[in-house]
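To start, the structure under review is shown below, and the notes come after it.
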Amino acid sequence: MSYVRTAPEAILPAPVVARPSLAASLFGDAASSLATVFITLVALAALPHLFAWAVTNGVWVGDGEACRDAGACWAFLRAKTPFILFGIYPEDERWRPMVAVGIFVVLTIWSLPRKHWTRATLFGWIAGIVAALLLMGGKTIGLTEVPTSAWGGLPITILLTVLSLALGFPAAVLLALGRRSPHPALRWLSTGFIELVRGLPLLSMLFVASIMVPLLLPDGVTIDNLFRALVALTFSAAAYLAEVVRGGLQGVPRGQEEAARALGLSWAQAMRLVVLPQAIRNVIPPLTNTVVVIVKNTSLVLVVGLFDLLSAGRVALSDPDWPAPYAETYLMIALIYFTICYAFARYALHLERTLGQVRR
Amino acid sequence: MARGGARWRWWLPQIGLLAMVVAGLAWLAANVADNLARRGIATGLSFLDRAARFPISESILPYSPVDSFAWAIIVGLGNTLFLSVLVAAISTLLGLPIALARRSDHALAKALGGGFVDLIRNTPLVVQLLFWYGAVTIGLPPSAEAWQPMAGIFFTDRGLYLTTFGLVGSALPMLLAVAAGLVATAILAWRGKLRQASITTLATVMISVVMACALGLQRDTPVLGRFNFSGGLTLTPEFVAVLLGLVLYASAFAAEIIRGGIDAVAKGQWEAGRAIGLSERQTLRLIVMPQALRIMMPPMTSQFVNILKNSTLALVVGYPELNFVTATTINQTGQALEGIAILMIAFLMLSGLISLLMNRLNARIALVER
Amino acid sequence: SGAPSGSGAASPTGRTLAAVKARGYVRCGSNKDTVGFGAPDDKGYWRGLDVDTCRAVAAAVLGDREKARFVPLTGQQRLTALQTGEIDLLPRTTTWTLQRDANGVNFTIPNFFDYTGFMVRKVSGAKSVRDLSGASVCVQTGSMPEVTFADVSRKYGLNMRAVIFDNVQGTRQAFFSGRCDALITDASALASVRATQADKPDDFIIFPADQEVTPLTPAVRHGDDQWFDVVKFAIQAMIVAEQLGITSSNAEAMRKSDDPTIKRFLGVEPGNGHALGLPDDFAYQVVRQVGNYGEVYDRNVGKDSRLKIPRGLNRLQRDGGLMLPLGFF
Amino acid sequence: MSAITLSGVHKWYGDYHALRNVDLDIAPGERIVICGPSGSGKSTLIRCINGLESHDQGRIAIGDEEVREDARALQRVRIRVGMVFQSFNLFPHLTIVENCMLAPVRVGEASPAEARERAHALLDRVRIGDQKDKYPGQLSGGQQQRAAIARALCMRPEIMLFDEPTSALDAEMVKEVLDIMTALASDGMTMLCVTHEMGFAREVADRVVFMDAGQIVEIGEPTAFFSAPKHDRARAFLGQLIH
Amino acid sequence: MSAITLSGVHKWYGDYHALRNVDLDIAPGERIVICGPSGSGKSTLIRCINGLESHDQGRIAIGDEEVREDARALQRVRIRVGMVFQSFNLFPHLTIVENCMLAPVRVGEASPAEARERAHALLDRVRIGDQKDKYPGQLSGGQQQRAAIARALCMRPEIMLFDEPTSALDAEMVKEVLDIMTALASDGMTMLCVTHEMGFAREVADRVVFMDAGQIVEIGEPTAFFSAPKHDRARAFLGQLIH
Ligand SMILES: Nc1ncnc2c1ncn2[C@@H]1O[C@H](COP(=O)(O)OP(=O)(O)OP(=O)(O)O)[C@@H](O)[C@H]1O
Ligand SMILES: Nc1ncnc2c1ncn2[C@@H]1O[C@H](COP(=O)(O)OP(=O)(O)OP(=O)(O)O)[C@@H](O)[C@H]1O
Ligand SMILES: [Mg+2]
Ligand SMILES: [Mg+2]
């Protein structure tokens, strides 16, 4: 009836289990097999057409004439890529946007490892943004002046993204804190702003920015078109990010703030050092989604006459020398956006996993 | 103080802040008034009564260019609502199988589901809409060579033409039956009895089909005229592209919301379901989904608001929703201020309405807590 | 306008001119993808009839055609942008209509006479508007064509179906992919579309939608008469130069001409510029730097361009067109 | 025949050896209390018995039914074995009585009326009959746990498994639940219970199983075990419990 | 002078009268244990003392520093008073040593090196010096609570407040934490501790304060109080605790 162990049981390595095979996953049961066959058939039906269009009949070199009555007109993209990427920026000066894009790429790559998240990197970004703006504008640093109305393509997309995030995020944090504040005026204002912006389509906000802003300002004061689009994008980014941050704040137990206050930290210190770092960590996935939406939203400036990537692509399509290969152009633009957004999403996933290791 | 509340020491800065905001708004209003006067821009809503004179390519409300601007805007609003409701319904339905595919063990289904969601979510909706419009207009044959997958259905680059069945004789009993069914469904849904509501919907559809057959039908088949098919029901390429683009886009998001909802149900619930002998599918259906549904309500609310707002992009492929009609109105009348104001108020009201309805529904089905 | 406002004077004459001079460049609202009228080329250099109109004003006011900047505007933005002072001048294929004229802007002088036309495939057999009964028509929003479309459809009871876009590419893409039987827009645009985008231009025909001529006219703000005059005569300078046979290449030489009309025109004999508040050689600068109207036309939309639109209505009045030279004295 | 048989059971989580060669034989009607330090594998053991976790080696059987990875076999096992979790795991969207009726109607062959009747009887037995139409969220922890017990009993299981059924409860509520479990035990139900409530173990258990690091270290009569544990590890553990 | 003085303290939550006319005077070096039924206002009392809650009437003072709604005054109070919570409330995104260094560096005037040294010494003292570079999530409950004590001590407070520091711990870990608290007490630290651990109270407390419904009902020597509580409510409460 009673038992006492005398010798400990050996700790053994786990037996090697064969991973469930791909075949089992594909043909494990009737439903799986059916699904497999169906998906394969659809793919087989579609692929040859796609291949013929893109490769067999595709035109890789040549001019507009070569593309008439042919498959995909890749030659168009070859000819137009500089224009799509840099818009109407004067051709002789295109090295400047190229350098600006380079600055952002370098900064981004530099900022990836966590150990580079330092104050210096932050200043690096600020310096980088300022440098890119000066370089693009040119006047202040003694280059030919290129007005913002002539900026275009990818640099615009990147600038709008980076700036609307850089300005929108701090604003979002303040709005989120304001919305949770015990002080009614702050709370109403933050809530009002957030809900107003979130209730309106970005498109109509861009309209307002492009049409109404001049009416809102005193006679004679004008604001740059690019800047106005930036303001609209920043407002929208701030409102959306604020809601995400608020969600994160709600997920931080009240005890954290109390513990920080009990140690003598001020409210601002408690927020900055204890609550916000946790709040933001908690919401990396929705934050990622929101940032991706913000990146994609820059494409909407198309409707207010700026030459962003998509807009420049469409202007390129109106060139009478070419038969307007829409699908190819949109595919290329989609690919650029996809690369940016997807890379960002993967990075955020990685971040979430590594930051998550802090907890058990 | 941690839980200080609104103490007197805070009133002053708060009043100051409010005053600043009010002053700022007043300053802007003064500027607008001054600018309008200075530039001789006519303001007022009198233009709304004037004939619009421009055409609207399609609408669910009747419209002709002799109608007023006001009516044109209402027609645009009708299209926006129609499109949004359709997209919301279809994309939610489509989201479920995609979410389940992503969670399944079937390698191909999982990869396809994942690839679809990644692809859709990481490219701008405008680009997708433009792409689909190109695909629809370039991919389909001209009217003369219409593709006929089924008798009475024609796919052409002018749109999809469907045979419809009109009713002979008195349609009144049937309409009454359908209306009664819809009202019953609405009441049940309002009470949070979703199961009964869906059964009622199904019953309504079945009863109406049976009654339709009993009452007798008259086919209305599209016929190819000189340029176009006429008769039957037409879905224009613009509408198809917008619907396709918005539905695919929204369903990728819906799938993620549904998947998130399922994943967010505590693991213990799955285990408890299994432990009392329920199968995996029963556990999903009886235990997990009802709880996931509740978790999904808030993100679904934003999703529906987003669908409404995304519908404004329909203008790039020529579907005349509210934004498009308002833009045309502004262009025709030059009355930007009024147009924008109408647009924004309409959207704010619609977004508010969606939130209100969803919150009411949410309150109805919320888990009861102590 | 860039200068800060004074204290409430409703229309201080000459403010725009002073502001432009102070700023050092003219700001013009522009199309961004209407080839022939206003669009950047592959190198990012703006080209087009409207663009050259703006450059003519820059040459007249500032002596340098490159001192012009272009603000791409959508149809909805353009009038507001002008009214609010974001731009000094709106040369952007804008039709001169009563409603617009009455509502805060002034139209100067047409720089292109157009009409609204339909383009159809020859195989459809349609030869006039009346043949288009039941047809699908692609319409580009934002200008006269959509109103004209509605009007003719109603007038002849055609029951046409409109497919409307707010952008050029959408309209064109839809037409050539077979979405529409006809494309309605300004005939100039139709010509250019046919010449450049059609696989076989001869497969398409163009006919007018109605009897009306649509004058595309650069516009300025209400309330600044001096600027209104300046723009009018900068445009006129190109037309008169053609009348007088002055071109960009012979303008220099023509300054030595004995013809008093030419002398006055080129500012050799002073007075004209002064009256407008401009340098006396403003017309000379316009012609030398931008060219006369014929040159500008041919270069952008006419025989030297890909569009190859016949001069038609845009010939000088003496040649049977509508371009009427005014007196430079 | 034994109610539960485990022989040579091994279980790994990744590379972590969570159950090491566990042998245990439980007779019908026997009441076993399992205790041991945190992480010693108590929950793992109990979860392997009704197949919520799969074991990697060895054999587990409920009567003559082997516990193996097969949906139908698992369902047969789970119908015969009731389980009560530490965190109750009631279904929050169903009322208490609906919680109880779900399995009999959907898995067993009971009609709704029959299931309801059975549920009422059991809810009365755990003394929350008057709460039956409330939702779990409206009950106190002790009431929830009693409802969970009633739910498990509704399938008329031969065996009940309890995984620390009182550890998520406030001190005041522990007693309510232990009382119900004691009553169950006195009815002759086969019970396997992970708990550190020594009073309960003394009063009810036929045998106490002490686990450490995935192994069964000692098995004994409760009085003998608690007063004089033989194994060092058990002694150390009990020493810490009583302070 | 008293270390802590409360006189006529009232506190309301909305309409609920949570503290009713509380008077208490604690001498430097004194060790007080507060007990009482759930909801009796123990936490509220302790949280009012370091100003985490504001009291509505009466006076609370730490030495000569009055606790009042003024950011600077409050900060001075909090530097002098350390607090340990029931749920540890360590900062999960910082390592243990970073948790300890945060306040000395940001609030006190310590240099990072100095703060680190101090933290190391205190972590050794609570016997988790070897865990210092782990994150809270990687420690057991007992270790986390000891880290929380070290964190509070890092500010070198004159007074330590404990709000049920062991009630969220597994039985095995309670002792670790109580040992540390006992050691602190024997160093002469002024302590105010909400706890139901009678062993600890007996061994360490100078006085036991019993609260009920927002009032102080009984104050007494621990031995006397536990063996023969004078007030009915206290007697009933102690009767329930021992089951
Ligand atoms: N899903 C899992 N993946 C990996 N390791 C696991 C998993 N579940 C449990 N473990 C590990 O297996 C060991 C035994 O866990 P188990 O939950 O059975 O312990 P326990 O004795 O029930 O402890 P407690 O008293 O804390 O509930 C622990 O070390 C635990 O960390
Ligand atoms: N923020 C609050 N708002 C409203 N009422 C509160 C709040 N905090 C506490 N209370 C109420 O005040 C009373 C005293 O609470 P307190 O937390 O001080 O009790 P306690 O003695 O610490 O109880 P426990 O032993 O459960 O921790 C309780 O009735 C509680 O419900
Ligand atoms: Mg366990
Ligand atoms: Mg408490």
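Within every chain, numbering begins at 1; the chains are lettered A, B, ... in the order of the sequence lines, protein sequences first and strands thereafter.
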Need one label for [X]: side chain, backbone, both or neither, based on atoms under 4.5 Å from any heavy atom in chain A.
{"X": "B:I354", "value": "neither"}
{"X": "B:L337", "value": "both"}
{"X": "B:L348", "value": "both"}
{"X": "B:N310", "value": "neither"}

Indicate yes or no for a side-chain donor-acceptor contact from [X] to the backbone of [Y] under 3.5 Å, with no hydrogens or angles considered.
{"X": "B:N323", "Y": "B:L313", "value": "no"}
{"X": "A:R187", "Y": "A:S181", "value": "yes"}
{"X": "A:E328", "Y": "A:C73", "value": "yes"}

Under a 4.5 Å heavy-atom cut-off, does chain B meet the side chain of [X], its backbone, both or neither?
{"X": "A:L203", "answer": "side chain"}
{"X": "A:V208", "answer": "both"}
{"X": "A:L200", "answer": "both"}
{"X": "A:I39", "answer": "side chain"}
{"X": "A:L310", "answer": "side chain"}
{"X": "A:Y240", "answer": "side chain"}

Determine the minimum heavy-atom distance between B:Y133 and B:A241, stating which atoms define it. CA-CB, 3.6 Å
Salt bridge check: are A:E257 and A:R254 linked by an N-O gap of less than 4.0 Å? no
